[in-house]
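First up is the structure itself, then whatever we jot down about it.
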Amino acid sequence: MATVSHAAPARRGGTAGRILRLNWIGGSFGWIWLLVVMLPIYWIVITSLKTQANYFTSNPFAPPSDPTLASYRTVLENQFVQYFVNSVIVTVGAIVPAVAISFMAAYAIVRGTGVRLLRMTNSLFLLGLAIPLQAVIIPVYLIIIRLQLYDTLLAIILPSIAFAIPLSVLVLSNFIRDVPNELFESMRVDGATEWTTLWRLALPLTRPALVTVTIYNALGIWNGFLLPLILTQSPGRRTMPLALWTFQGQFGVDVPAIAASVTLTTLPILIMYAVGRRQLLSGLTAGFGK
């Protein structure tokens with residue numbers, strides 16, 4: 001018995017030691033990965049604060065000796081504000097209807113599990129997850145031409161709504177399915193309609209999921225490049241990613257100006273993620289893990 005009692009703590013100690021070594025190794029790789037991710041960001045920021053002459057004569061990774069915002073002024077003077085406004089219009093115009101439609105569709109799918117039509121609709125939404133945008137860009141282009149919406153912001157908004165709905169329905173339906181059925185039954189006993197139950201019960205309880213799909217889809221739409229490239233032509237209809245591509249051609253030699261445009265394009269994304277990262281990660285984890 002004594003041998004067993006001494007062996008067990010020894011085994012526990014050995015296991016704890018191995019776990020500590022693994023944690024140390026994992027933490028080291030985490031810091032290395034952080035350095036790999038932060039190094040390009042650091043280079044872009046310090047480069048945007050240099051002059052063109054200073055960039056070619058100084059160490060690329062050295063901070064600027066005489067920081068200047070001339071590159072930012074150059075970018076802002078080249079219709080950057082117009083491109084920013086276009087991206088905001090496209091993102092908000094696609095996110096609001098996509099989240100609203102997805103929320104109502106998810107509620108109908110969960111609460112109407114016995115209806116065959118709703119089961120088929122759910123299957124269509126799941127099928128939408130398997131179809132990439134690149135595979136249907138030509139049919140989308142032809143539809144936009146037939147609708148006479150080419151070279152408009154609405155031409156970007158409508159397909160963005162369609163491709164944001166499938167994943168949103170999946171996440172929201174998982175959250176609504178976790179709401180206790182007794183709460184829905186109590187609302188029905190009190191005489192509440194399905195519409196009232198939707199907005200007064202399901203909406204508050206699924207708020208983390210709504211924030212999750214909003215942020216996730218907003219990041220994807222803001223970074224979207226293919227739809228603006230194919231469905232727009234005029235410079236006044238460009239969004240931020242397409243404008244960044246244009247700046248790379250316009251300021252091909254002026255590297256600080258390109259770095260400034262990249263910084264301004266990325267800044268809203270970083271702010272959006274910093275504000276809602278907790279909701280985003282917890283919502284995705286809970287939505288797929290339950």
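Every value quoted in this text rests on a predicted model; they were computed, and no experiment measured them.
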Can you find a heavy atom in the side chain of L198 that is under 4.5 Å from one in the side chain of M104? yes
Joint hydrophobic cluster, M120 plus L129, side-chain heavy atoms closer than 4.5 Å: no
Heavy atoms, side chains only, cut-off 4.5 Å: are Y216 and V171 in contact? no
To the nearest 0.5 Å, what is the distance between CE (M187) and CG (D190)? 7.0 Å
Does a sphere of radius 6.0 Å around CD in Q148 hold more than 12 heavy atoms from other residues, nucleotides or ligands, not counting ones at 6.0 Å or beyond? no
Counting C-beta onward and ignoring hydrogens, is there a side-chain heavy-atom pair between L172 and L210 closer than 4.5 Å? yes
Results of ring pair (Phe, Tyr, Trp, His ring centres under 6.0 Å) for W33 - residues two or more places apart only: none
If I compare all heavy atoms of L264 with all of M240, which pair ends up nearest, and what's the gap? O-CE, 4.1 Å
Is it possible for you to say whether I143 and I165 belong to one hydrophobic cluster, with membership spreading through side-chain heavy-atom contacts below 4.5 Å? yes
Under 3.5 Å, side chain of T266 to main-chain N/O of T263, donor-acceptor pair present? no
Neighbour count >12 (heavy atoms, 6.0 Å) for atom CG, L267: yes
Name the orientation class of the two ring planes belonging to Y55 and W43 (parallel below 30°, tilted from 30 to 60°, perpendicular beyond 60°). perpendicular
Any Y107 side-chain heavy atom under 4.5 Å of T197 side chain: yes
What about I221 and I131, same hydrophobic cluster or not, with Ile/Leu/Val/Met/Phe/Trp/Tyr joined at side-chain heavy-atom distances under 4.5 Å? yes
Check the pair V136, F163 against side-chain contact (heavy atoms from CB on, under 4.5 Å), reporting the backbone distance first and the verdict last. CA-CA 11 Å; V136 295; F163 283 94; 3.3 Å; yes
To the nearest 0.5 Å, tell me how far L201 CG sits from L183 CG. 5.5 Å
N217 and S168 have their tightest heavy-atom pair at ND2-OG, 2.7 Å
CG of N54 to OG1 of T68, rounded to nearest 0.5 Å, is 10.0 Å
Looking only at heavy atoms, the pair that brings A202 and T206 closest together is O-OG1, 2.6 Å
With ring pair (Phe, Tyr, Trp, His ring centres under 6.0 Å) as the rule and sequence neighbours excluded, what pairs involving residues 186-209 come up? F103-W199, W195-W199
Quick one: closest heavy-atom pair of F61 and Y42, and the distance? O-OH, 2.9 Å
Verify, without hydrogens or angle tests, whether S48 (side chain) and V45 (backbone) share a donor-acceptor contact under 3.5 angstrom. yes
Verify same cluster id: L124, V110 (apolar side-chain graph, 4.5 Å): no
Heavy-atom pair of closest approach, residues T152 and T232: O-CG2, 4.0 Å
Does the side-chain contact (heavy atoms from CB on, under 4.5 Å) test come out yes or no for V213 and S102, once each step is laid out? CA-CA 10 Å; V213 297; S102 301; over 6 Å; no
Closest approach of I157 to I89 (non-hydrogen atoms, all atoms of both residues): CD1-O, 4.0 Å
Just how far is it from atom OG of S261 to atom OH of Y72, taken to the nearest 0.5 Å? 9.5 Å
Decide yes or no for R188 and T196: does some side-chain heavy atom of the first lie under 4.5 Å from some side-chain heavy atom of the second? no
Pairing donors with acceptors under 3.5 angstrom, does anything connect the side chains of T74 and S71? no
So how far is it from R200 CZ to L205 CG, rounded to the nearest 0.5 Å? 14.0 Å
Keeping the roles fixed (side chain from T91, backbone from V88), state whether a donor-acceptor pair exists under 3.5 Å. no
May I ask you to test the R238-W245 pair for a side-chain heavy-atom distance under 4.5 Å? no
Do T239 and L242 have side chains that get closer than 4.5 Å, going by heavy atoms? yes
Would L219 end up clustered with L270 when hydrophobic side chains under 4.5 Å apart are linked, directly or stepwise? no
If only atom types and distance count, is the side chain of N223 paired as donor or acceptor with the main-chain N or O of P241 below 3.5 Å? no
Separation of L231 CG from R237 CZ (nearest 0.5 Å): 13.5 Å
Would a 4.5 Å heavy-atom cut-off, applied to side chains only, mark S173 and F125 as touching? no
